[in-house]
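Read through the structure below, which is laid out as structure tokens, and then see the notes.
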Amino acid sequence: MAQLEPNRPIDGTYVFDWRLSRKGYRLNKLAFSLSRAENRDAFKENEEAYFDRFDLSEEEKDLVRKRDFLGLIRHGTNIYMMLKLGAATGNGLYQMGAQQRGETYQEFLATRNVGSAT
Amino acid sequence: MAQLEPNRPIDGTYVFDWRLSRKGYRLNKLAFSLSRAENRDAFKENEEAYFDRFDLSEEEKDLVRKRDFLGLIRHGTNIYMMLKLGAATGNGLYQMGAQQRGETYQEFLATRNVGSAT
Amino acid sequence: MARIVGGMGTSHVPSVGVAYDRGKMQTPEWQPLYDMFLPVKEWLARIDPTIAIIVYNDHGTDLFFDKYPTFALGAADYYPQGDEGYGPRPLPPVRGDAEFSWHLSEQLVWNEFDLTVCQELAMDHGLLVPMNLCWDHRPDWPIKVVPLQINVLQHPLPTALRCWKLGQALRKAVEAYPKDERVLVIGTGGMSHQLNGERFGFMNENWDQQFLDWIEAEPERVAQMTHQELMEKGGAESVELIMWLTMRGALSPQVKRIDRGYYNPMTTGIALLTLEDAG
Amino acid sequence: MARIVGGMGTSHVPSVGVAYDRGKMQTPEWQPLYDMFLPVKEWLARIDPTIAIIVYNDHGTDLFFDKYPTFALGAADYYPQGDEGYGPRPLPPVRGDAEFSWHLSEQLVWNEFDLTVCQELAMDHGLLVPMNLCWDHRPDWPIKVVPLQINVLQHPLPTALRCWKLGQALRKAVEAYPKDERVLVIGTGGMSHQLNGERFGFMNENWDQQFLDWIEAEPERVAQMTHQELMEKGGAESVELIMWLTMRGALSPQVKRIDRGYYNPMTTGIALLTLEDAG
Ligand SMILES: [Fe+3]
Ligand SMILES: [Fe+3]
């Protein structure tokens with residue numbers, strides 16, 4: 001039985017299906033590579049050189065350069081892969097979340113039940 | 001339904017089940033690594049140094065040193081992984097097969113329908 | 001003969017691991033969660049499981065989309081910790097039981113579950129955070145673990161119904177093991193949460209509570225839900241809840257509820273449910 | 001709408017790849033095989049498939065026992081060639097159809113087949129030798145391929161019955177695809193052979209011929225066999241024959257046989273069977 005209904009999109013939601021997985025494959029590969037300390041070091045040292053290992057398009061590079069997390073999600077970056085990109089660029093989950101919501105970090109925390117449980 | 005009957009062993013046959021796969025894990029890892037040209041080069045250049053990458057026991061190293069293909073199979077080397085070890089040591093499938101049968105290569109070929117189809 | 005002695009459902013929130021490592025489980029923010037697990041530890045001491053089958057998911061730690069399995073079963077004597085991007089946490093490797101795992105793999109594969117069998121598998125918070133909440137890892141984990149990884153990242157995911165059936169098959173597989181093992185099954189993940197898009201931070205406590213009712217008493221209702229329905233009700237990442245169905249499917253139809261708790265401080269409902277098997 | 005136009009069963013012997021690359025297919029040793037495939041090429045020109053689903057197995061080329069899948073489906077637009085230990089053969093990458101593959105993965109996973117979905121997968125002789133026998137790769141392969149890899153290396157293997165059911169589900173999945181594709185399903189592997197132990201070189205032509213009868217007309221008989229029975233009759237490595245069942249399961253119950261051939265020069269029965277679907 002079909003589990004997804006493409007004709008019933010969920011607002012503000014990017015279901016990581018095969019279309020997104022294909023589209024984001026190279027970005028996800030880069031992000032996944034950052035689970036190794038030596039790769040994080042290389043990325044931090046020279047981001048542009050690091051891009052070259054993954055055959056990114058100019059558009060993809062720009063999304064990383066700008067830390068455009070919503071743009072990255074829309075381009076097929078998987079959220080769990082993106083967490084590693086966040087870790088390597090000093091952006092935690094909640095910072096990336098606030099940006100996706102179009103809020104500041106403090107605005108976002110104010111929407112939580114216990115905003116100090118970070 | 002159970003697919004294997006350990007109480008009905010097949011003569012001269014080593015079914016690659018989980019017991020053998022566990023036992024031969026390191027040997028298989030070594031053999032699998034030889035599907036890369038640079039690893040084959042390293043192996044050929046210094047076999048003993050290459051062993052160190054795979055944490056082999058002395059018994060396991062000896063099986064490789066002696067090109068003891070039947071011993072390798074009994075120790076859990078998967079036949080398809082062993083083919084790469086054969087390739088790196090100048091032993092084709094039929095040479096390894098003859099040795100497992102306890103025959104010379106020529107003796108083995110003589111048992112075939114078209115011994116020249118090698 | 002091995003048998004299942006109990007089941008547990010619990011969320012696996014990464015920030016809990018951080019709080020645990022920093023000794024902050026009794027700060028005001030985390031005390032409610034700490035308290036929630038106090039009776040669990042007493043219960044575990046009483047039912048005294050020897051092996052935990054932990055149904056969890058990898059979060060881009062060991063598995064990548066080059067080859068993404070639907071169901072991956074660990075079959076090793078220990079499982080190292082993966083690096084989730086911040087370096088390893090101060091935890092020992094998880095202890096496994098390769099022989100028991102391989103027994104399960106034979107039973108499940110021959111019973112038409114198409115596993116990926118893993119002799120190497122690195123663990124992340126999906127498995128380690130529930131372990132932190134249940135057991136002390138010093139000097140070593142006091143229990144052996146079988147990791148059972150379910151794809152909840154890249155659609156197509158296994159259906160809720162398939163996860164339920166996997167649990168039922170798992171029960172039979174456990175009961176076919178000749179050694180005396182007391183098996184706890186843990187299903188992790190959820191509850192409502194969404195981490196991607198403008199809907200980031202979505203939670204739905206009403207649905208979470210409903211799910212906790214259903215998974216205990218009417219699990220087939222959850223097993224009939226589609227991923228679309230789950231995501232609409234609970235957020236895109238709440239599809240993780242399908243992993244609870246594998247736990248529940250492995251238990252007896254009737255169960256005795258021991259504890260139930262819920263706390264939703266930030267972006268996820270952190271729930272706990274412990275169930276005793278009717279045998 | 002996509003539909004299945006035919007099926008083929010064929011062995012995948014590595015030495016055939018060597019003979020092919022060296023231009024030795026018409027030496028006395030290989031002429032019988034060459035001749036066996038002449039009518040196949042005519043048949044293929046007639047039924048004109050646009051996509052081939054090739055049910056094959058990896059031989060330690062891309063997959064290792066760290067994480068071994070039961071069923072792995074390729075979902076890429078091309079598949080590079082792996083290195084089997086002798087360096088790459090002079091062949092272009094295999095062309096895929098990622099969209100069609102992903103369609104199949106959705107249908108199969110949601111229909112309770114627990115695939116490992118592969119966006120990167122390297123091909124070996126298990127898939128390439130059957131392609132060599134069917135098509136010329138110069139300047140490029142004239143057909144798109146969906147590789148469907150089945151574990152026949154590390155027990156527990158999927159049962160023959162499970163492979164048969166996979167074929168049936170595959171047929172439904174193909175028929176649910178909205179684009180007009182003419183699909184050929186190829187099952188590779190076998191026939192009788194054994195490559196390990198003192199029994200190396202074992203063959204059983206009587207059984208091979210029986211299998212060819214059954215797979216065409218009474219496939220359920222083969223689907224009921226255990227791996228133990230298959231190995232006793234045909235040698236340890238002949239369990240590869242379970243892959244023919246996936247091909248046969250994808251065809252109509254009644255089929256029209258086009259060609260059948262058999263040649264066993266060295267250590268394996270090299271068989272060919274082509275079947276036309278009744279639609
Ligand atoms: Fe999770
Ligand atoms: Fe083969």
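A note on names: the letters A, B, ... follow the listed sequences, proteins ahead of strands, and every chain is numbered from 1.
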Any chance you could measure [X], atom [atom1], to [Y], atom [atom2], to the nearest 0.5 Å?
X	Y	atom1	atom2	answer
B:Tyr80	D:Glu237	OH	CD	4.5 Å
B:Gln3	D:Arg162	CD	CZ	12.5 Å
B:Arg22	D:Gln154	CZ	CD	11.5 Å

Interface residues of residues 109-118 of chain B facing chain D - heavy atom cut-off under 4.5 Å: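 Against chain D, the residues of residues 109-118 of chain B that fall inside the cut-off (heavy atoms, under 4.5 Å) are B:Leu109, B:Arg112, B:Asn113, B:Val114, B:Gly115, B:Ser116, B:Ala117, B:Thr118.
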
Residues in residues 50-61 of chain B that sit under 4.5 Å from chain D, counting heavy atoms only: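 At a heavy-atom separation under 4.5 Å, chain D is reached by no residue of residues 50-61 of chain B.
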
Is the distance between the ring centroids of D:Phe65 and B:Phe16 under 6.0 Å?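 Judged by ring-centre distance (under 6.0 Å), B:Phe16 and D:Phe65 do meet the cut-off.
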
For chain B, find which of D:Thr27, D:Leu157, D:Leu63 contributes the most heavy-atom pairs closer than 4.5 angstrom.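 Max contact count across the listed options: D:Leu63.
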
Looking at D:Asp83, D:Leu161, D:Thr61, which has the largest count of heavy-atom pairs under 4.5 Å with chain B?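 It is D:Asp83.
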
[X] versus [Y]: any side-chain heavy-atom pair under 4.5 Å?
X	Y	result
D:Thr226	B:Met1	yes
D:His59	B:Leu83	no
B:Ser21	D:Tyr68	no
B:Glu103	D:Phe200	no
D:Glu198	B:Leu70	yes

Evaluation steps, side chain to side chain contact (heavy atoms under 4.5 Å, CB included), between D:His227 and B:Leu4: CA-CA 6 Å; D:His227 304 138; B:Leu4 300 176; 4.3 Å; yes

Engaged part of [X] at the chain B interface, taking heavy atoms whose separation is under 4.5 Å:
X	answer
D:Ser15	side chain
D:Asp124	neither
D:Met231	both
D:Asp58	neither

Taking [X] for the side chain and [Y] for the main chain, is one N or O donor matched with an acceptor at less than 3.5 Å?
X	Y	value
B:Gln100	D:Leu195	yes
D:Arg199	B:Thr13	no
D:Gln228	B:Arg8	yes

Just say parallel, tilted or perpendicular for the rings of D:Phe64 and B:Phe32, cut-offs at 30° and 60°.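 Geometry flag for B:Phe32 against D:Phe64: parallel rings.
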
Using non-hydrogen atoms only, which part of B:Phe108 is less than 4.5 Å away from chain D: side chain, backbone, both, or neither?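 It is the side chain, since no backbone atom gets that close.
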
Can a side-chain donor-acceptor contact be found between B:Tyr14 and D:Gln194 if the only test is distance below 3.5 angstrom?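 D:Gln194 vs B:Tyr14: no donor-acceptor pair found between side chains.
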
